[in-house]
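From a predicted model like this one, the values you see are computed outputs, not experimental measurements. We name chains A, B, ... by the order of the sequence lines, and we start the count at 1 in each one.
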Amino acid sequence: MEYNFKEIEENWQKFWADNKTFAANDDSTKEKYYVLDMFPYPSGAGLHVGHPLGYIASDIIARFKRHKGFNVLHPMGYDSFGLPAEQYAIQTGQHPKITTENNIAVYRKQLDKIGFSFDWDREVRTSNPDYYKWTQWIFIQIFNSWYNKNTNKAETISSLISEFEANGNANINAHCDDDVKSFTAQQWQTFSEKEKSDVLMAYRMAYLGEAYVNWCPQLGTPLANDEIKDGVSERGGYPVERKLMKQWSMRITAYAQRLLTGLDKLDWTDSLKEAQRNWIGKSEGTSLKFKVANSSFDIEVFTTRPDTIFGVSFVTLAPEHELVNSLTTPENKVNVEAYVTQAKNRSERERQADINKITGVPTGSFVEHPFTGKHIPIWIGDYVLAGYGTGAVMAVPAHDSRDYSFAKHFGLPILEVVEPTSNVTLSEVEGSYDAKEGKLINSDFLNGLDVKAAMKKAIAEIETKNLGKGKVNFRLRDAVFGRQRYWGEPIPIYYKNDIPYALSESELPLVLPEVDKYLPTEDGEPPLARATNWRYRPLSNSPQGGENTKPHNWETAGDSSYNFTKEKAQELRKNQTEAEQILWEAIRKKSLDVKFRRQHIIGSNTVDFVSLETKLVIEVDGKIHLDKKEYDAERTKELESVGFSVIRFTNEEITNDIENVISKIKLKLEEFPKVLPSGEDLGGASYPFEHSTMPGWAGSSWYFLRYMDPHNGSGFASIKLTDYWKQVDLYIGGSEHATGHLLYVRFWTKFLNDLGHIAIDEPAKKLINQGMIQGRSNFVYRMKENQNVFVSKGRANRDLTEEELNVVGLKTSEFDLIAIHVDVNIVKNDVLDQDAFRSWREEYKNAILLCEDNNEFLCSHEVEKMSKSKYNVVTPDDIAEKFGSDTLRLYEMFLGPLEQSKHWNTNGITGVHGFLKKLWRLFYQNDTFTVTHDEPTKAELKTLHKTIKKITEDIERFSFNTSVSNFMICVNELGDQKCNKRAILEPLLICLSPYAPHITEELWSLCGHTESIVFAEFPHCNETYLVEDSFTYPISFNGKMRFNMELSATLTVPEIEKEVMSSEEVQKYLEGKTPKKIIEIFKNS
RNA sequence: GCACACGUGGCGUAAUUGGUAGCCGCGCCAGACUUAGGAUCUGGUCCGCAAGGGUGGGGGUUCGAGUCCCUUCGUGUGUACCA
């Protein structure tokens, strides 16, 4: 029987889905194993063959661990907020929600086809209100926290407030804004609410602050540093400029040191850890004050080379430095102002472009050298960054290349203070001598010391003289958290009298509202400002819901679903039950002194009766409610969470004794006195929400936790489950997230750990980067002279024949060619399918193709990124269609080491497919399935156990390409042995099943098993089968192998040596000489 | 510029710790079965007739180096005025 992969794969995929084979168990005695994949953004282009690479690898591990008896958590979901869907929405008006849902459907279909063992019941989507409710909740925790440097932890803001109330901020050692003024407890008490808020803002971990941001006008949003590539936006390639904006930011810098030291205990790739280290950019140095001559100002600089203090020949300030104006002398005023304006407007891109262009102006002021008292000029230069260190440097041109270029350009003095110790002399050094090696010269008390000693002495001297102190600086900046965009999580903040307040937990999720357009408003406000009536209404004192006001926490905020519920409510009002009718008349007649509404919408519920003033809900439970106890309880809980109380009556109670019911209601009303709107809230005052949304990294910074408890309605994940699943044991993802996502997720994990919400402080124990798969594009050459003529690659430089010249319509063979992309799917091994080419596009229908002598048309090729526009996209679906998913899985692994980047090329795929066919054939004889119970031979056992050993080792070191080879060797050997024995083939199927799950399930069930192979125990290697009777020893002379000798494996070392030395061959190579040394090497020794 | 990674047949690659370089697959060559093959199967395939030589180049450590060290060239990735 043929290997019918299509049928087999569809059947087993259905089986796994129907039986929920891969559901992880939250309550298991098995050891847990958590394998996580990179969170995909569902783009419109769907998956190409590069995407599944990591997923296949992680799936192999997940399946392997199941065979090894682990309780495996292997989830998948979508990072479904993001720019592309929004850009598409702007262009087409299509709601990003719809685009996203469609894209997800495509992804899901593609993923299912590859046979991944995901637990789909745990799927999460960051754009789901159920999910982002908790993203918002975490934001509020961060907002309500400050970083205590004494405990080296984030703590809740209430501890800070109590300290302020008791002692002011004198004893507080916090990671906060630099310019916080000190105040006493008495002063704190006198502060207005706004003042208090402003002070707290300087301490909050999530804060609203003025910051220079990388503003991208085209995208209408600021971008984080890691979203900019080469001075333009990573997405779309738009220019980026610097802009001072009020922005939500996160104090990730508080964690800089912990993020750095935490790397040491992580089993992550070195290159990735290195990238994070560089990004955090710790540098130890000294901050040092220079007194400005004839003035009371000091300039504080940061330097890593305090030893070169005597080499300072000028001081440079960043154009944004706060002292620029004060230090500029009248005669320099015009120049300085012009320079500062120009520098401020210079966009990031311009700065990138003329990186070597040196600009600057003198201020006319001078500082005094702290040791010599000499006057040193103060300059302004944009090579000094305002945001790093103190925004000012002491320039030592002889020993810093940037200072050197600046000094050379403006003719400033260069003072040499370090003499190299190596064999170069100072005069031989071109430019500056930056190395931290050498002896100090021209440096007073530092003379003769080497650089290290000089640094220590200089710092000591600086500290005794109270000029400054040792200081550590980080390159890492606080992370900008606000995006002026629509398709993201709303930031759960509203403004009352210009003071930002966070929503309370019960008011979450703050659902993304509907807008008419996905563009900024005319006033440049973010798209959310377009949402009419989207304002905060305090729940405690204003009418909620109803026909005219949409509740602010209306789920999905979709008009359609709101209208649906509203219509439903109207309908119910018209079709009241008998009991409802009786009660309605009663509560209206009996003057209860409060106004009731019937069938009124509160949140996502329609309640039977409600008094909005007293927040009392009356529910009438018909017969149907007998089976809906749980639903009712849930509903009550929900209503209570937004401040309502609920009283229930059955139909019978009402129809039998309405008086009793009314008195019960009266009693209840006394319990809950009327809350009348008062003061500024009278009439249901409302406040504007924050209009910016969260960045893409918000939702992805904690998704690994949500998978542990994806349906939890009362928390982001229960502590019981986060304690059980703990950390991700293996994460496979691309290195492109090194300085973005992977840093932020570590930050949030540490934060949640500080506050005691989770027990771990690092998200993933082990991390592997899968390499990128690049596309391979094909080109055809088109003649410029005659656009209808295409020339095969080998003909490009060859003259045309007489006949061809006629056909083409040229007089001579002189022509120019341009290469144009051609769909790789109509090219095989660079040979063009000519018919397919003609039908590919209308304009090529009558194309003239000048071919090689064998009538083939050859294309040229190039390695490029896979993209639609290059016609080089190969989708996993194409491969699965032609060869099956098992072949695709094996082939992607076979391509090379997981971490290496590679070019997509299907040249070898037939080999892999052939292997599966060979495997299939082992189970069949003359078209009938035949496996015997015969005793396996020694050779067969050796083949099997050798393979088990190799595969186990390979999987454990993530060497998937070599295991595919080993499977091939095994099947080749078993084929030679004509082996069809159950005792051999069944263990082999288990070994192979993580790699090729469908074919192995099929053969496993054909072998008579009724249980899925997924949980079959992985076979163990029995070393005794690997022992040999004899061994072929290689004999080397001077390290070079010359010949082999087969000897019995039972021989002892001296016996072997005797045998070898007495052999004729050895004598031949020795040529009568005596060997100096004889070395025997043994396996595993 | 700096940091990291990587250079092995015609190609993708293998050689876990320094110990027989080239496994497995593609491609290619030859053969079998075939009306036919882009199907299937079998055999061969680093270079050289051989001795021997071969892991980008040069040097070193070692009895022995693809593997370790130095240097140089090339490719890729990340980062960029971070004082």
Side-chain angles (χ1 to χ4, degrees), chain A residues 225-226 229-231 269-279 281-283 285-286 301-305 308 316 351-352 355-358 381-385 387-396 399-403 405-406 434 473-477 735-736 738-739 769 771-772 774 828-829 831 890-891 894-897 899-903 905-915 917-918 921 950 953-954 956-957 959 961-970 972 975 1032-1044 1075-1085:
Chain A
N225 285 335
D226 56 280
K229 293 267 132 61
D230 303 321
T269 55
D270 287 333
S271 61
L272 199 135
K273 289 204 265 189
E274 197 59 30
Q276 292 210 343
R277 282 193 193 104
N278 289 338
W279 193 261
K282 180 178 181 175
S283 67
T286 313
V301 302
F302 175 74
T303 178
T304 53
R305 294 295 301 271
T308 61
T316 317
R351 286 175 77 126
Q352 294 276 347
I355 197 158
N356 294 319
K357 198 172 146 197
I358 294 152
D382 71 354
Y383 80 97
V384 178
L385 302 176
Y388 185 77
T390 58
V393 301
M394 58 174 229
V396 184
H399 304 290
D400 181 285
S401 41
R402 292 152 308 184
D403 297 340
S405 336
F406 196 82
D434 294 4
N473 256 323
F474 292 95
R475 211 182 68 116
L476 185 72
R477 299 298 147 80
S735 55
E736 66 270 24
T739 53
N769 296 126
M772 275 216 303
Q774 285 165 304
K828 184 147 190 169
N829 290 339
V831 179
L890 282 169
Y891 185 61
F894 184 68
L895 227 43
E899 304 181 28
Q900 220 168 78
S901 79
K902 43 216 148 208
H903 316 153
N905 185 341
T906 46
N907 285 348
I909 202 161
T910 52
V912 171
H913 190 62
F915 153 74
K917 286 204 255 184
K918 267 191 213 171
R921 248 181 278 129
K950 290 230 172 191
E953 285 167 359
D954 284 345
E956 273 162 5
R957 66 190 170 103
S959 176
N961 54 329
T962 53
S963 40
V964 179
S965 307
N966 282 318
F967 282 123
M968 290 175 172
I969 296 167
C970 177
N972 287 348
T1032 310
Y1033 290 89
I1035 315 294
S1036 304
F1037 294 83
N1038 294 327
K1040 191 81 197 166
M1041 207 279 285
R1042 293 303 168 184
F1043 64 94
N1044 288 314
K1076 273 190 207 149
K1077 203 172 176 185
I1078 298 169
I1079 299 160
E1080 291 95 5
I1081 300 133
F1082 297 92
K1083 276 189 179 170
N1084 306 321
S1085 64

Next on the checklist: Quick one, Thr962(A) and Lys950(A) - any side-chain contact, counting heavy atoms below 4.5 Å?
Outcome noted: no
Checklist entry - What nucleic acid atoms does Asn961(A) come within less than 4.0 Å of, heavy atoms only: base, sugar-phosphate, or nothing? => result sugar-phosphate
Next on the checklist: Within the 4.5 Å heavy-atom criterion, are Val912(A) and Met968(A) side-chain neighbours or not?
Outcome noted: yes
Checklist entry - When all nucleic acid strands are considered with a 4.0 Å heavy-atom cut-off, which category describes Lys902(A): base, sugar-phosphate, or nothing? => result nothing
Next on the checklist: What's Glu274(A) touching, base or sugar-phosphate or nothing? Going by heavy atoms closer than 4.0 Å.
Outcome noted: sugar-phosphate
Next on the checklist: Over all strands shown, is Asn473(A) touching base, sugar-phosphate only, or nothing at heavy-atom distances under 4.0 angstrom?
Outcome noted: nothing
Checklist entry - Of the nucleotides rA83(B), rA39(B), rC24(B), which one has an atom closest to the side chain of Tyr388(A)? => result rA83(B)
Checklist entry - When you compare rG48(B) with rG64(B), how far apart are their C1' atoms, in angstrom units rounded to a whole number? => result 25 Å
Next on the checklist: Does any part of the side chain of Tyr891(A), heavy atoms only, come nearer than 4.5 Å to the side chain of His913(A), both counted from C-beta?
Outcome noted: no
Next on the checklist: Any strand counts, and the cut-off is 3.5 Å on both contacts for Watson-Crick or G-U wobble. Which nucleotide pairs with rA32(B)?
Outcome noted: rU40(B)
Checklist outcome for this item: Atom CG of Asn905(A) and atom P of rG27(B) are separated, to the nearest Å, by 11 Å
Checklist outcome for this item: Looking only at rC41(B), rU16(B), rC26(B), the nucleotide nearest the Lys918(A) side chain is rC41(B)
Item to check | Any strand: nucleotide that pairs with rU45(B) via Watson-Crick or wobble, under 3.5 Å | outcome: rG27(B)
Item to check | rG74(B) versus rG57(B) - spacing of their C1' atoms, nearest Å | outcome: 10 Å
Checklist entry - Touch check for Gln900(A), heavy atoms < 4.0 angstrom, all strands: base, sugar-phosphate only, or nothing? => result sugar-phosphate
Checklist entry - OP1, OP2 of rA83(B) versus side-chain N and O of Ser283(A): anything below 4.0 Å? => result yes
Checklist entry - Between atom CZ in Arg921(A) and atom P in rU42(B), what is the gap in whole Å? => result 8 Å
